[in-house]
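In what follows, chains are A, B, ... by sequence order, proteins preceding strands, each numbered from 1. Owing to the predicted nature of the structure, the values given are computational and were not obtained by experimental measurement.
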There are 2 protein chains.
Amino acid sequence: MSAHRSGKLPSRPASVRERIDQTAYELFSRHGIRAVGVDTISARSGVAKMTLYRHYPSKEDLAFAFLRRREELWTRSWLQQEVERRAQAPAERLLAVFDVFDKWFRRSDFEGCSFLKVLLEHDDRGHPVRKAAEAHIKTIRAFLRRLAKDAGVRDAHAFARQMQMVMMGSIVAAYAGDRDAARRARELGSLLLARAGIGTGKGGRS
Amino acid sequence: MSAHRSGKLPSRPASVRERIDQTAYELFSRHGIRAVGVDTISARSGVAKMTLYRHYPSKEDLAFAFLRRREELWTRSWLQQEVERRAQAPAERLLAVFDVFDKWFRRSDFEGCSFLKVLLEHDDRGHPVRKAAEAHIKTIRAFLRRLAKDAGVRDAHAFARQMQMVMMGSIVAAYAGDRDAARRARELGSLLLARAGIGTGKGGRS
DNA sequence: ACGGGTGTATACAGGTCTGTATAGTATACG
DNA sequence: CGTATACTATACAGACCTGTATACACCCGT
């Protein structure tokens, strides 16, 4: 509010704000929002609770910040970057999603998808945090729709919906213990592409 | 424990046990296990808390009973019955799953899948309640595998895994607001069947 | 008639949670 | 120096949670 805010230097030795955000991200993404208390975030970040509450007036605000960060780190910097790095052609990028997922699912610290966890842990359809999670899911779908359009898929909207359905299904399947969920999902993606008349040169069959 | 148990008369005016089970089922399936307190179940069922704790020594036991009931009412008496009622041929029964889901998703009181909710709300991989939920998911998969085998699918195991992946994806998609999730999922199911060389006479294309 | 099992009502112990109150420290800037 | 600002430390209010303790009522078989 004063003067020196939002300008340049990000405060070299990890600003208090950053420590809060990092810690909240780690704990929320691993255990969900409900399961993590503000005291825990305070303790683990080394930031006093009062300070924490000055930066985020309520736990809900902390949740919003977490979801924003998740979109930035997971959706944009990780999923999209990796997909675009692994393939050039849009159709192949759509399939590359599952190659990225495969590495993800096999990580020993695989903790599931935070957006799905947050979505499912709020049963109230109108809860702002749930709606925020839905919005982030929609952002991912927009990415898929873009790829589908570029690949020449006729009904990119429906395609993206089905693609995301397979993605979410694979995440849940992996969470339930199927280590090969991504490979199976890739086959489904191939079938979708084939039906749309898009060839990738590297189909889903063995 | 005494003598008159587990024999015949189900105690006409709804036994205490039944009132507990029914109430726990309603509340747990709608809001999840974590979100519902024992006091709430006691109040809503009209059964004193002490009585409740005599029937179920801990909330965890109540959770197990709930999951058992969910399998009985949802999986067996509803999903399987409906599927078998709607089609005769195994291949068509596999697709009928999504017709049943369609009606489910469009119910105004659609509350998502309890097995998935319980699965996702326990991050500890070894938690007994989570493992119970995983077991119930496996039961559903066994049903799918049976249908696939009867339909002549070569690798019924992999097929059932993919089928269930689509089912779970559609449930999450519906939960996230896609009213047409079941219709989209049905198309994916059709593609899977077609690839397996199984024709249904009523394909997934328009 | 009496004792045991079953259910009720209420209170409470001990824990967790969010959010606040209060007092003190440190640093930067006039 | 003096003062504002950021941060710390601790305590606490008030709510909710699981599980138990206690005292009471009812019914049923012997």
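One can place CE of A:M50 at 15 Å from C1' of C:dT25, the figure rounded to the nearest angstrom. At whole-Å resolution of the value, OH in B:Y56 and P in D:dT18 are 16 Å apart. Spacing between atom CG of A:L52 and atom C1' of C:dC17 amounts to 14 Å, rounded to whole angstrom units. When rounded to the nearest whole Å, the span between CZ of B:R19 and P of C:dT6 equals 15 Å. Counting to the nearest Å, the C1' atom of C:dT18 and the CD1 atom of A:I33 are 15 Å from each other. Taking atom CG of residue A:D39 and atom C1' of nucleotide C:dT16, one finds them 9 Å apart after rounding to whole Å. Summarising the geometry, the separation between CG on B:L62 and P on D:dG19 is reported as 10 Å, rounded to the nearest angstrom. Distance, A:R17 CZ to D:dC7 P: 10 Å, rounded to whole Å.
OP1 or OP2 of D:dA6 has not a single side-chain nitrogen or oxygen of A:H55 nearer than 4.0 Å. OP1 or OP2 of D:dT8 sits under 4.0 Å from a side-chain N or O of A:T51.
Side-chain proximity of A:S58 to C:dG19, D:dT18, D:dC7: nearest is C:dG19. Counting only heavy atoms from C-beta on, B:V47 has its side chain closest to C:dT8 among D:dC7, C:dT8, C:dG19. When each of C:dT8, C:dG19, D:dA9 is scored by its nearest atom to the side-chain atoms of A:A48, the top-ranked nucleotide is D:dA9.
Between A:F98 and A:F101, the two ring planes are perpendicular [angle over 60°; tilted spans 30° to 60°]. Aromatic ring pairs are classed by plane angle as parallel below 30°, tilted from 30° to 60° and perpendicular above 60°; the pair B:H122 and B:H127 is tilted. Classified by interplanar angle (parallel below 30°, tilted 30° to 60°, perpendicular above 60°), the ring pair B:F115/B:W74 is perpendicular.
At a cut-off of 3.5 angstrom, the base of C:dG19 holds at least one donor-acceptor pair with the side chain of A:K49.
Taking the nucleotide of DNA chain C with the nearest heavy atom to each of B:G46 and A:K59, the more 5' of the two is matched to B:G46.
Interatomic distance, A:F159 CZ to A:L94 CG, rounded to the nearest 0.5 Å: 5.0 Å.
Between A:E72 and A:R68 there is no salt bridge, since none of the side-chain N atoms of the basic residue sits less than 4.0 Å from a carboxylate O of the acidic one.
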